[in-house]
2 protein chains.
Amino acid sequence: MVYKSGNGRRIKAIDTTFAIVETLAEHECVRLSEIADFVGIANSTASEHLSTLQDYGYVVKEANGYRLGLRFMDTGTQAKRYYDELLTASKPVLEQLVNDTDETVNLVTKENDMAVYLDRLFGNRGVPTDSWVGKRRPLHMLAAGKAILAQLPEDELDAILDHRELAAASDHTITARDDLKRELGTIREKGISFNDRESHKQIRAVGTAIVLDDGVHGAVSVAGPAKRFTGSYFQEEIPNLLLGAVNEIELNLTYQ
Amino acid sequence: MVYKSGNGRRIKAIDTTFAIVETLAEHECVRLSEIADFVGIANSTASEHLSTLQDYGYVVKEANGYRLGLRFMDTGTQAKRYYDELLTASKPVLEQLVNDTDETVNLVTKENDMAVYLDRLFGNRGVPTDSWVGKRRPLHMLAAGKAILAQLPEDELDAILDHRELAAASDHTITARDDLKRELGTIREKGISFNDRESHKQIRAVGTAIVLDDGVHGAVSVAGPAKRFTGSYFQEEIPNLLLGAVNEIELNLTYQ
DNA sequence: CTGCCTATTCGGTAATACCGAACGGGCATC
DNA sequence: GATGCCCGTTCGGTATTACCGAATAGGCAG
């Protein structure tokens, strides 16, 4: 599946290659002919792409098919380096936050116009989820994502909203632009965002943005089962712990 | 830099794209014109590649240039899934090994014809190195790599040796095919491999392959400073601990 | 406003990504 | 050990497009 065309011309061969990569990501070990069928290309084309990818280590050829190579991890680690400062400033604070809450704690940032998980810490009561470091999700349906959106300059926010549809992940997802903008206003005021079953049917979360003089650097969120995330625990206790933690991260970032 | 051509025709556009990715991996944040210069392509070509990569999240556009995106981490995590079984079977054993030795412990596997780090654990005396999970290195210059090579079927070994030059990383690296094959024979006999400053000038290491009925699954190595890795500590103590640990991993893999 | 620098757009063409058919190699069946 | 089947690779040919270069547009400083 080809993502929305950014601006300008695109390189079609790269679309083909990443369609193959996506197929490999979804299935453990795939035969060449299956890949070709799935992507909708000739066997010969798939063969040429795969042998090129193999040369770089992005794909591994096994006896019974092809699979993704750890070269992606290698390059991914290089990509993560960009966030070293943020990660080291956050790590001890997030660990304390997990200790205090025993819930799931997320560190999230924005890349292009998507939310990306930078770190995830699980308390004993933490809910299992389908997200991991590097996982990308729409900003508008996450507590951390909305906290980030609320801190963006108006024009940048509009650019993102123009670009992406407000896709729904549950029947609580905010899909109307006006509703979202109104909520972002109150988030900016209070410094706290809530996700009330907007990304998963059974999950609530609280978020706060990490903001320095030069803008927003990311956001922290605490997520948990909707059943337990209610009342003042959800609306006051968690937010207060979160505000303290994020403030500490901001201080760590400012003073080295 | 284009890696050796596997077999068959290659897709040149992918070479261009990954040349760009490599440039971004080496430099933190790069302007478009710098990328184009570095790779040796026109600005317009770089622009088209970058906007395609950006659509997938493999590249992020910042105010002052382009950088790698965490999408590589995402896909890398998927790739790592393939090794979940090996990793969970090894983890507790490797932790025990770090406790016992206080040195650096590596879990390595083979992808295509390269060694790839799957896990790294550092003891208090562990040496700092330039390797991380996903990092690829030639098999023939690593303790773990030679342990793996020694367990390959003859034809597969020859295919690898035909394919790759025995590159040197120090003046102790084995670069003669005959020498290597002879050493692999004794490694196969004793079940233990040594790296005597063959990959780094100042590092020695000991390795053992993880072997089941269906072949070799990877290898574990213990590495340390050449100054301290000497005598019976290097030649007996560490090997004995390693053999015990790998045996335990093999048992874990066999019985669930 | 002017000049400078950087990124994107766009026309044209040489290069190639892609397909389809033919080839080859492995594995099972008779 | 011959035959048939399946899967992957090789290879010729062509419509497509990746690539370049020049022109355009967008920032930023003076």
Side-chain angles (χ1 to χ4, degrees), chain A residues 2 4-21 23-24 27 29-56 58-67 112 153 155-156 158-159 162-163 214-215, chain B residues 2 4-21 23-24 27-56 58-67 112 153 155-156 158-159 162-163 214:
Chain A
V2 178
K4 63 102 203 38
S5 53
N7 15 350
R9 253 184 290 195
R10 303 168 48 75
I11 308 291
K12 228 194 91 185
I14 302 185
D15 286 330
T16 308
T17 278
F18 284 126
I20 290 173
V21 168
T23 305
L24 294 175
H27 309 79
C29 204
V30 202
R31 309 203 74 86
L32 180 133
S33 49
E34 295 179 280
I35 298 171
D37 285 355
F38 209 99
V39 177
I41 53 177
N43 276 10
S44 51
T45 306
S47 178
E48 286 162 10
H49 277 267
L50 284 165
S51 68
T52 308
L53 286 167
Q54 194 191 336
D55 288 344
Y56 289 96
Y58 287 110
V59 152
V60 181
K61 187 183 192 168
E62 297 281 354
N64 53 334
Y66 289 89
R67 64 177 173 88
N112 298 327
D155 56 341
E156 204 174 329
D158 285 329
D162 290 343
H163 220 62
D214 61 342
Chain B
V2 178
K4 62 103 206 37
S5 50
N7 15 353
R9 253 184 292 196
R10 302 170 48 75
I11 307 290
K12 227 193 93 185
I14 302 184
D15 287 330
T16 308
T17 278
F18 284 126
I20 291 173
V21 167
T23 304
L24 294 175
H27 310 79
E28 183 89 331
C29 205
V30 202
R31 309 204 75 85
L32 180 132
S33 49
E34 294 180 280
I35 298 171
D37 284 353
F38 210 98
V39 176
I41 53 177
N43 276 10
S44 51
T45 306
S47 177
E48 286 161 11
H49 276 267
L50 285 164
S51 69
T52 309
L53 286 167
Q54 194 190 339
D55 288 344
Y56 289 96
Y58 286 110
V59 152
V60 181
K61 188 182 191 167
E62 298 281 355
N64 54 334
Y66 289 90
R67 63 176 175 89
N112 298 327
D155 56 340
E156 205 174 327
D158 285 329
D162 289 344
H163 219 63
D214 60 341

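Per chain, numbering begins at 1; letters A, B, ... match sequence-line order.
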Does some side-chain heavy atom of [Y] sit less than 4.5 Å from a side-chain heavy atom of [X]?
X: B:Asn112; Y: A:Gln54; result: yes
X: A:Arg31; Y: A:Asn64; result: yes
X: B:Ile20; Y: B:Ile41; result: yes

Pairing residues for B:Glu156 by the salt bridge (Lys or Arg N to Asp or Glu O under 4.0 Å) criterion, not counting sequence neighbours: B:Lys110
Can you check the [X] [atom1] to [N] [atom2] distance for me, whole Å?
X: B:Arg31; N: C:dC4; atom1: CZ; atom2: C1'; result: 14 Å
X: A:Asp37; N: C:dG20; atom1: CG; atom2: P; result: 12 Å
X: B:Ile14; N: C:dA17; atom1: CD1; atom2: P; result: 8 Å
X: A:Ile35; N: D:dT9; atom1: CD1; atom2: C1'; result: 14 Å
X: B:Asp15; N: C:dA15; atom1: CG; atom2: P; result: 17 Å

Heavy-atom donor-acceptor pair, A:Ser47 side chain to A:Asn43 backbone, under 3.5 Å: no
Reading 5' to 3' through nucleotides 12-30 of chain D, protein heavy-atom contacts under 4.0 Å coded B for base, S for sugar-phosphate only, - for none: BB---SSBBB---------
Contacts of type ring pair (Phe, Tyr, Trp, His ring centres under 6.0 Å), residue A:Tyr58, not counting sequence neighbours: A:Phe72, B:Phe18
Distance test, side-chain N/O of B:Ser33 to OP1/OP2 of C:dT6, below 4.0 Å: no
